[in-house]
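A quick write-up on the structure given underneath.
Letters go in sequence order (proteins before strands), and every chain restarts at 1.
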Protein chains: 2
Amino acid sequence: MFKKVIIAEDLDAISLGIEQVLKDLDIVDFQHSKYCDDAFLKIRAAIQKNEPYDLLISDLSFKTNHREVKIANGDELVQKVRELQPDIKIIAYSVEDKNYRIKSLFDNAEIDAFVLKGLNSIEELKKAIHITSTSDQKFISPEVASALQEKNNFEIDDLDIQILKHLSSGTPQDEIIQIFKDLGIKPNSKSAMEKRLSKLKDFFKANNTVQLVFIAKDLGII
Amino acid sequence: MFKKVIIAEDLDAISLGIEQVLKDLDIVDFQHSKYCDDAFLKIRAAIQKNEPYDLLISDLSFKTNHREVKIANGDELVQKVRELQPDIKIIAYSVEDKNYRIKSLFDNAEIDAFVLKGLNSIEELKKAIHITSTSDQKFISPEVASALQEKNNFEIDDLDIQILKHLSSGTPQDEIIQIFKDLGIKPNSKSAMEKRLSKLKDFFKANNTVQLVFIAKDLGII
DNA sequence: TTAGAGATTATGGATTTCCGTAAAATACTG
DNA sequence: CAGTATTTTACGGAAATCCATAATCTCTAA
């Protein structure tokens with residue numbers, strides 16, 4: 001079983017619940033951070049002291065305060081932690097239920113488990129801790145297990161997302177093209193833009209750009 | 001202090017935290033519902049037994065399961081509870097931080113307090129319980145207190161919302177006009193539509209329809 | 001090196017949206 | 001009822017987008 005655990009979770013009500021789980025499992029050496037930055041620093045410090053954590057339980061969405069932060073959300077945190085300490089086990093604990101995002105966590109940050117916050121998620125969290133502590137198996141909440149089977153997420157690449165973000169902030173297509181040209185981003189013609197949009201609309205079954213951006217927002221892609 | 005409390009909250013991790021608060025305040029007679037429907041039934045049953053609750057602590061967003069529900073979210077719940085039992089005190093406890101929605105809770109459902117789930121919300125929740133139990137004062141988390149001062153939410157009326165919803169589902173403006181005509185909804189000319197959209201874009205500082213719908217979605221209006 | 005496939009860009013016309021102005025209808029007022 | 005404001009509708013040109021086709025570029029394999 002894990003000896004030393006760190007929790008990254010901003011909502012105090014929830015971290016209270018998580019701590020209860022750890023106590024139930026007789027894990028007493030745990031820390032708790034309300035900010036991603038803070039969690040990252042603690043993890044790094046622990047490595048330097050040669051007392052590294054062996055489990056990170058992280059939320060994904062964090063409230064954005066006035067304060068300046070380096071790491072804004074859980075996605076970035078787990079990514080950076082994975083790079084910093086490849087052997088740490090990572091459990092994501094979140095309400096996020098969009099296949100697209102969950103899959104990318106497993107693919108990119110190589111998280112070990114994804115527990116969906118829900119009506120009985122405490123039990124699932126316990127199970128995830130058990131499984132990841134005793135083996136290298138992955139765990140994912142049943143409700144969203146389909147996320148991993150999802151064949152090829154039809155490769156929505158980074159550029160697509162950039163385009164969608166620009167659109168969502170009211171930039172007309174022409175201007176986006178200009179921005180790409182200025183930044184030296186390669187496919188930067190009117191046609192390329194239109195082709196990409198048309199592919200996206202096709203994929204998401206959107207009639208027009210308005211609906212496309214709405215769907216993308218709804219899916220948490222932007 | 002309150003004698004009998006009911007909690008409507010789907011996430012088990014959070015309800016655990018809330019229960020902790022109640023125990024700290026020596027409130028022992030409390031129930032907990034993971035579904036709005038269930039909470040409503042309990043409240044109604046309690047009235048019939050002549051042992052009504054005197055406080056409802058309710059979340060706003062509830063996960064939508066497969067199961068059929070009558071009351072889908074906290075907004076509807078508090079609304080119906082307020083009608084059913086006008087003297088009950090209601091505290092909304094949510095991550096929702098959009099002025100538009102918070103204000104409407106105070107205006108329409110006449111909630112007694114709004115506590116924003118956050119880094120130190122447990123303390124605020126305690127304070128809200130104290131204030132509402134000993135007086136008819138309202139409580140609102142400092143971070144979102146501005147929601148109430150907001151003068152006139154510039155009257156986004158029902159029709160505006162209908163239009164936005166149609167747009168978000170990919171319907172072109174012309175078709176929306178046609179739909180309105182078929183339904184006999186009064187302002188149904190191209191110009192009227194365009195004027196409304198232009199007013200909305202002005203109000204939300206949106207450059208175009210794409211951004212407008214994005215913002216509306218972000219604000220939880222649609 | 002060169003033919004061909006695939007990707008990128010160019011072009012132009014149809015459609016839709018945008019935005020201002022003017023006409024018509026309705027509501028309000030004395 | 002007449003006159004004025006307000007709202008709704010009509011119209012038209014500019015801008016943006018949508019969509020199909022053709023030209024150009026890029027890379028690879030023969």
Side-chain angles (χ1 to χ4, degrees), chain A residues 152-219 221-222, chain B residues 152-219 221-222:
Chain A
N152 235 348
N153 267 12
F154 207 38
E155 42 195 335
I156 302 152
D157 67 19
D158 190 56
L159 196 59
D160 290 324
I161 291 173
Q162 271 192 267
I163 293 174
L164 290 171
K165 281 187 178 161
H166 278 300
L167 287 174
S168 78
S169 49
T171 316
Q173 295 177 23
D174 286 348
E175 280 185 37
I176 300 178
I177 292 164
Q178 197 51 51
I179 291 172
F180 283 178
K181 279 186 176 150
D182 293 349
L183 293 176
I185 296 176
K186 277 268 293 276
N188 60 12
S189 73
K190 198 166 175 167
S191 304
M193 168 75 60
E194 289 173 347
K195 186 170 286 184
R196 276 189 122 87
L197 281 177
S198 136
K199 196 180 289 180
L200 286 169
K201 275 181 271 190
D202 185 58
F203 178 56
F204 286 117
K205 307 209 172 43
N207 292 336
N208 52 36
T209 311
V210 174
Q211 188 182 13
L212 174 63
V213 168
F214 177 81
I215 292 172
K217 167 72 173 170
D218 195 43
L219 293 179
I221 294 172
I222 54 177
Chain B
N152 232 349
N153 265 12
F154 210 38
E155 43 194 336
I156 302 152
D157 68 19
D158 191 57
L159 196 59
D160 290 323
I161 292 173
Q162 271 191 267
I163 293 173
L164 290 171
K165 281 187 178 161
H166 278 299
L167 287 174
S168 77
S169 48
T171 316
Q173 294 177 24
D174 285 348
E175 280 186 37
I176 301 179
I177 292 164
Q178 198 51 51
I179 291 173
F180 283 178
K181 278 185 177 151
D182 293 349
L183 293 175
I185 296 176
K186 279 265 295 272
N188 59 11
S189 73
K190 198 166 175 168
S191 304
M193 168 76 59
E194 289 172 347
K195 186 170 286 184
R196 275 190 122 86
L197 280 177
S198 135
K199 196 180 289 181
L200 286 168
K201 276 180 269 190
D202 186 58
F203 178 56
F204 287 117
K205 306 207 173 45
N207 292 336
N208 52 37
T209 311
V210 174
Q211 188 181 14
L212 174 63
V213 169
F214 176 82
I215 292 173
K217 167 74 173 169
D218 195 44
L219 293 179
I221 294 173
I222 55 178

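Counting to the nearest Å, the P atom of C/dC18 and the NZ atom of B/Lys199 are 17 Å from each other. Here the P atom of nucleotide C/dG20 and the CG atom of B/Asp202 are 11 Å apart, to the nearest Å. Taking atom CD1 on A/Ile185 and atom P on C/dT8, their separation rounds to 14 Å, with Å as the unit.
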Nucleotide-resolved protein contact map, nucleotides 7-20 of chain D, B/S/- at heavy-atom distance under 4.0 Å:
-BBBB-----BBB-
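Scanning all heavy atoms of the two residues, the minimum distance from B/Asn188 to B/Ile185 falls at ND2-O, 3.3 Å. Residues B/Ser189 and B/Ala192 approach most closely at OG-N, 3.0 Å, considering heavy atoms. Nearest approach of A/Leu159 to A/Pro187, heavy atoms of both residues: CD2-CG, 3.8 Å.
Screening residues 163-178 of chain B for side chain to side chain donor-acceptor pair (under 3.5 Å), with sequence neighbours left out, gives B/Gln178-B/Asp182.
Rounding to the nearest 0.5 angstrom, the gap separating the CG atom in B/Asn208 from the NZ atom in B/Lys201 is 7.0 Å.
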